[in-house]
Participant: 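Just passing along the structure, written as structure tokens.
Indexing begins at 1, ligand by ligand and atom by atom, following the structure's order.
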Amino acid sequence: MNQSGKTITICMGSSCYARGNVYNIEIIQSWLRQHGLEAEIEVVGTLCEGQCRQGPIVKIGAAVYQGVTASSISEILAHEFLEVHHG
Ligand code: FES
């Protein structure tokens with residue numbers, strides 16, 4: 001089912017949520033829709049990861065991204081899911 005083998009885990013703990021994940025989740029979902037990946041990539045919420053100081057926390061597969069902002073999230077998504085293969 002999940003061809004990319006990756007799950008996006010968004011910290012929905014109150015600190016991360018209030019500091020940006022409230023927007024990041026929307027951006028992630030619309031980005032996946034725009035790129036036709038919404039059926040392939042699972043997006044799940046998690047409770048506080050104990051890294052509030054470094055938050056907002058977004059995990060993609062095994063990678064943990066800290067301090068994720070509305071402007072960095074699309075770059076992160078492109079990096080993770082649109083590996084461009086330069087000739
Ligand atoms: S609320 Fe996200 S790490 Fe604590």
Participant: Which atoms form the tightest heavy-atom contact between Q54 and Q66, and what is the distance?
Facilitator: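 Closest heavy-atom pair between Q54 and Q66: O-CB, 3.2 Å.
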Participant: State yes or no: do I60 and V44 share one hydrophobic cluster built from I, L, V, M, F, W and Y residues joined by side-chain heavy-atom distances below 4.5 Å, directly or via other members?
Facilitator: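 No: no chain of side-chain contacts under 4.5 Å links I60 to V44.
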Participant: Which of the numbered atoms in ligand 1 are below 4.0 angstrom from a heavy atom of G13?
Facilitator: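 Numbered from 1, ligand 1 contributes 1 (S).
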Participant: Quick one: which ligand 1 atoms are inside 4.0 Å of a heavy atom on S15?
Facilitator: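 Listed by number with element, the hits are 1 (S).
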Participant: Any N/O/S atom, side chain or main chain, of C52 closer to atom 2 (Fe) of ligand 1 than 2.8 Å?
Facilitator: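 No.
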Participant: Out of V68, I10, V64, which one pairs with I57 under the side chain to side chain contact (heavy atoms under 4.5 Å, CB included) rule?
Facilitator: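 Running side chain to side chain contact (heavy atoms under 4.5 Å, CB included) over V68, I10, V64 with I57 returns exactly one hit, V64.
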Participant: When you measure from the heavy atoms of G50 to every atom of ligand 1, does any distance fall below 4.0 Å?
Facilitator: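 The answer is yes, since G50 has a heavy atom less than 4.0 Å from ligand 1.
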Participant: Where's the contact between C11 and ligand 1, heavy-atom distance under 4.0 Å: side chain, backbone, both or neither?
Facilitator: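 Side chain only; the backbone of C11 stays clear of ligand 1.
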Participant: Where the closest heavy atom to atom 3 (S) of ligand 1 is concerned, which of M12, Q51, R19 has it?
Facilitator: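 Going through M12, Q51, R19 one by one, Q51 has the nearest heavy atom to atom 3 (S) of ligand 1.
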Participant: Does a side-chain heavy-atom distance below 4.5 Å link N24 with Y65?
Facilitator: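 Counting from C-beta outward, N24 and Y65 never come under 4.5 Å.
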Participant: Can any side-chain N or O of N21 pair as donor or acceptor with the backbone N or O of C11 at less than 3.5 Å?
Facilitator: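 Yes; at least one donor-acceptor contact below 3.5 Å.
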Participant: May I ask you to check whether C48 brings an N, O or S atom to under 2.8 Å from atom 2 (Fe) of ligand 1?
Facilitator: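 Checking atom 2 (Fe) of ligand 1 against C48, no N, O or S atom falls under 2.8 Å.
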Participant: Tell me the closest heavy-atom pair linking V22 and E26, and the distance in Å.
Facilitator: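 What the structure gives for the nearest pair is O-CG, 3.6 Å.
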